[in-house]
Amino acid sequence: MELKKLGFGMMRMPLADKKDQTKVDIEQVCRMVDAFLEQGFTYFDTAYMYHEYASERIVKEVLVDRHPRESFLLATKLPTMMLSKKEDMERIFNEQLEKCGVEYFDYYLLHCLDTRNYDICKKLGCFEFAMQKKKEGKIRKFGFSFHDRADVLDTILKEHPEVEFVQLQINYLDWENEYIQSRKCHETAVKYGKDIIVMEPVKGGMLAQIPDKAETLLKNYNAESSIASWAIRYAASLPNVFMVLSGMSSYEQMMDNLSYMKKFQPFTEEEEKLVEQAVDIINTSIAIPCTNCRYCVEGCPKNIPIPEYFKIYNQYARFKEGSRTRGRYRNLTKEYGKASECIACGNCETHCPQSLKIIDYMKEVSAVYDSGL
């Protein structure tokens, strides 16, 4: 059976409690999993850290315990940023097998490689560890997810030809972005003949809610297609891409994605030109290009909900909804630290896959919202 190109990213599952990432709407996720499999899609992607370390156990509950093992492909990741000694790898890997309730992983990745995390992998022998697990039959395919410049990716692929695939952040907004380097990273992976999995095709939902002018541009071409479909089809149309992950947060989002990915149609030249025009429009409206991955939250000494504040600020910058967004900000400060309480420790910036200047952005947020609170 041909592998369908849409993967279920278990990073942004619908929540039963909006304040608790570990409290997922299990009933809705079960419906989503069932619909996904029923329509011939098989790839599920999780990670040790997702949903505040609960995602892998949730995958067991909604997928592994309810469907035959041979009916799906499961991917998870070794958290390279959390490793301090060699023994950590074996401990975490065994914990992941137990949490997911499986005897092997179809796809296993070294998580979030960049210059810093690659140094950790070289020091601890992460590549050798993964290849040993593959020899033992506990990993079927081995790769890594990547967040850095294309020259760093080139180095890793040159030094590790045993890698079978790479997972890259690719979307039409980041295609020419000099920090993300989607195009350059894609070209590097293609140069080495690697299969590619795409993450963040909709940029954390940002490309599902684009400015009215850009939306009108795309809707005038095809009124029936959702705005999100343009982003996912764009990524799926690229050479060497065999899987596009979507962090679907509702049953409705999933059904929309399945509707056009069941019989996937690649992008046309005309669609590519329209997207280029949309990019110019979108770039003028985004204040902070945060994808809400939440990597920045863990370890914040002031418990600042950074992605939530950025989302509020972007709403303010785009629609000038000062009073409404101020109320949302004020409600969050009752439980979390204010933007003004940031001590500029830099922990968040170290873990940000987008290389955002979070400390500077916090000052901008504070300037808008903290006076009078």
Side-chain angles (χ1 to χ4, degrees), residues 3 5 7-11 42-50 55-56 59 63-64 69-70 72-83 85-148 150 152-170 185-186 188-199 240-245 353:
L3 184 63
K5 282 192 170 186
F8 191 164
M10 315 298 277
M11 180 183 182
T42 57
Y43 193 97
F44 295 82
D45 172 85
T46 184
Y48 191 71
M49 299 166 61
Y50 292 173
S55 180
E56 290 172 328
V59 168
L63 174 65
V64 178
R69 181 64 182 91
E70 65 275 10
F72 60 85
L73 301 171
L74 182 60
T76 194
K77 309 171 187 76
L78 183 69
T80 59
M81 68 294 291
M82 298 177 63
L83 303 176
K85 54 185 183 298
K86 287 189 175 184
E87 292 78 13
D88 290 338
M89 295 185 287
E90 187 73 35
R91 173 182 57 80
I92 290 174
F93 186 82
N94 290 334
E95 182 184 346
Q96 291 177 301
L97 289 174
E98 182 271 326
K99 287 168 70 177
C100 291
V102 296
E103 295 182 354
Y104 65 91
F105 295 112
D106 299 280
Y107 291 79
Y108 196 74
L109 299 83
L110 303 181
H111 198 176
C112 200
L113 288 199
D114 55 15
T115 301
R116 174 179 176 273
N117 292 337
Y118 183 47
D119 285 343
I120 293 173
C121 288
K122 289 189 290 185
K123 177 182 177 182
L124 299 181
C126 294
F127 287 84
E128 293 78 5
F129 172 82
M131 292 305 293
Q132 179 58 40
K133 291 303 175 187
K134 187 174 180 182
K135 284 183 181 180
E136 295 171 8
K138 295 181 179 179
I139 294 174
R140 299 290 171 84
K141 296 276 189 178
F142 165 56
F144 60 86
S145 63
F146 182 77
H147 290 284
D148 210 323
V152 178
L153 179 61
D154 190 283
T155 296
I156 298 174
L157 292 178
K158 184 184 299 182
E159 294 178 356
H160 293 281
E162 71 273 22
V163 167
E164 296 168 274
F165 68 95
V166 292
Q167 185 163 305
L168 304 174
Q169 176 170 320
I170 297 176
C185 287
H186 175 265
T188 300
V190 170
K191 182 178 78 170
Y192 284 93
K194 302 302 180 183
D195 289 337
I196 299 170
I197 299 173
V198 172
M199 55 184 161
N240 287 40
V241 170
F242 77 94
M243 188 60 56
V244 178
L245 302 178

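The first residue in the sequence is number 1, and the count goes up from there.
Looking at I92 and L83, their side chains come closer than 4.5 Å, going by heavy atoms from C-beta outward. Using a 4.5 Å heavy-atom cutoff, the side chains of L97 and V102 are in contact. At least one side-chain heavy atom of F144 sits less than 4.5 Å from a side-chain heavy atom of L157. Contact annotation: the side chain of L153 approaches that of L168 to within less than 4.5 Å [non-hydrogen atoms, C-beta and beyond]. Looking at F127 and Y118, their side chains come closer than 4.5 Å, going by heavy atoms from C-beta outward. The closest side-chain heavy-atom distance from R69 to L74 is below 4.5 Å. Residues D195 and F242 form a side-chain contact, since some pair of their non-hydrogen atoms from C-beta on lies under 4.5 Å apart. In this structure, M82 and Y48 have side chains that are in contact, with non-hydrogen atoms separated by less than 4.5 Å.
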Original post:
Checking side chain to side chain contact (heavy atoms under 4.5 Å, CB included) for the pair M11/M199: CA distance, chi angles, key distance, verdict?
Top reply: CA-CA 11 Å; M11 180 183 182; M199 55 184 161; over 6 Å; no
Original post:
Does the side chain to side chain contact (heavy atoms under 4.5 Å, CB included) test come out yes or no for F146 and I156, once each step is laid out?
Top reply: CA-CA 10 Å; F146 182 77; I156 298 174; 4.0 Å; yes
Subject >> Stepwise side chain to side chain donor-acceptor pair (under 3.5 Å) test for D154 and T188 >> reply: CA-CA 6 Å; D154 190 283; T188 300; 4.9 Å; no
**OP:** Test K86 against E128 for side chain to side chain contact (heavy atoms under 4.5 Å, CB included), laying out the working first.
**Re:** CA-CA 11 Å; K86 287 189 175 184; E128 293 78 5; over 6 Å; no
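When all heavy atoms of A130 and F142 are compared, the pair lying nearest together is CB-CE1, 3.3 Å. Taking every heavy atom of both residues into account, C112 and H147 meet most closely at SG-CD2, 3.5 Å. Across D45 and Y50, no two heavy atoms sit closer than the pair OD2-CE1, 3.8 Å. Residues M243 and G7 share a closest heavy-atom pair of SD-N, 3.4 Å. The minimum heavy-atom distance linking I196 with A189 is given by the pair CD1-CB, 3.7 Å. Contact record, E56 with C100: CB-SG, 3.7 Å, taken as the closest heavy-atom pair.
Rounded to the nearest 0.5 Å, atoms NZ (K77) and OG (S145) are 6.5 Å apart. Remark: E98 CD to E103 CD distance equals 13.0 Å, nearest 0.5 Å. Between the SG atom in C126 and the NE2 atom in H111 there is a gap of 13.5 Å [rounded to 0.5 Å]. Residue I170 holds its CD1 atom at 11.0 Å from CG of L245, rounded to the nearest 0.5 Å. If you take CD on Q96 and NZ on K138, they are separated by 12.5 Å, rounding to the nearest 0.5 Å.
A donor-acceptor pair under 3.5 Å is absent between the side-chain atoms of T46 and the main chain of T76, judged by distance alone. With N117 contributing its side chain and D114 its backbone, the two residues share no donor-acceptor pair below 3.5 Å.
A salt bridge is absent between R116 and D148; no separation between the charged side-chain nitrogens and carboxylate oxygens falls under 4.0 Å. Between D119 and K122, at least one side-chain N (NZ, or NE/NH1/NH2) sits under 4.0 Å from a carboxylate O, which counts as a salt bridge.
Looking at Y107 and E164, their side chains never bring a donor and an acceptor atom within 3.5 Å of each other. Looking only at atom types and distance, the side chain of K134 has no donor-acceptor partner in the side chain of Y108 under 3.5 Å away.
Partners of K133 under the side chain to side chain donor-acceptor pair (under 3.5 Å) rule, at least two apart in sequence or in another chain, are E90, E136. Contacts of T155 classified as side chain to side chain donor-acceptor pair (under 3.5 Å), with partners at least two apart in sequence or in another chain: none. Every residue two or more places apart in sequence or in another chain was checked for a side chain to side chain donor-acceptor pair (under 3.5 Å) with K141, and none qualifies.
A 6.0 Å sphere centred on NZ of K191 holds more than 12 heavy atoms belonging to other residues, nucleotides or ligands.
Checked against a 6.0 Å centroid threshold, the rings of F105 and F93 count as neighbours.
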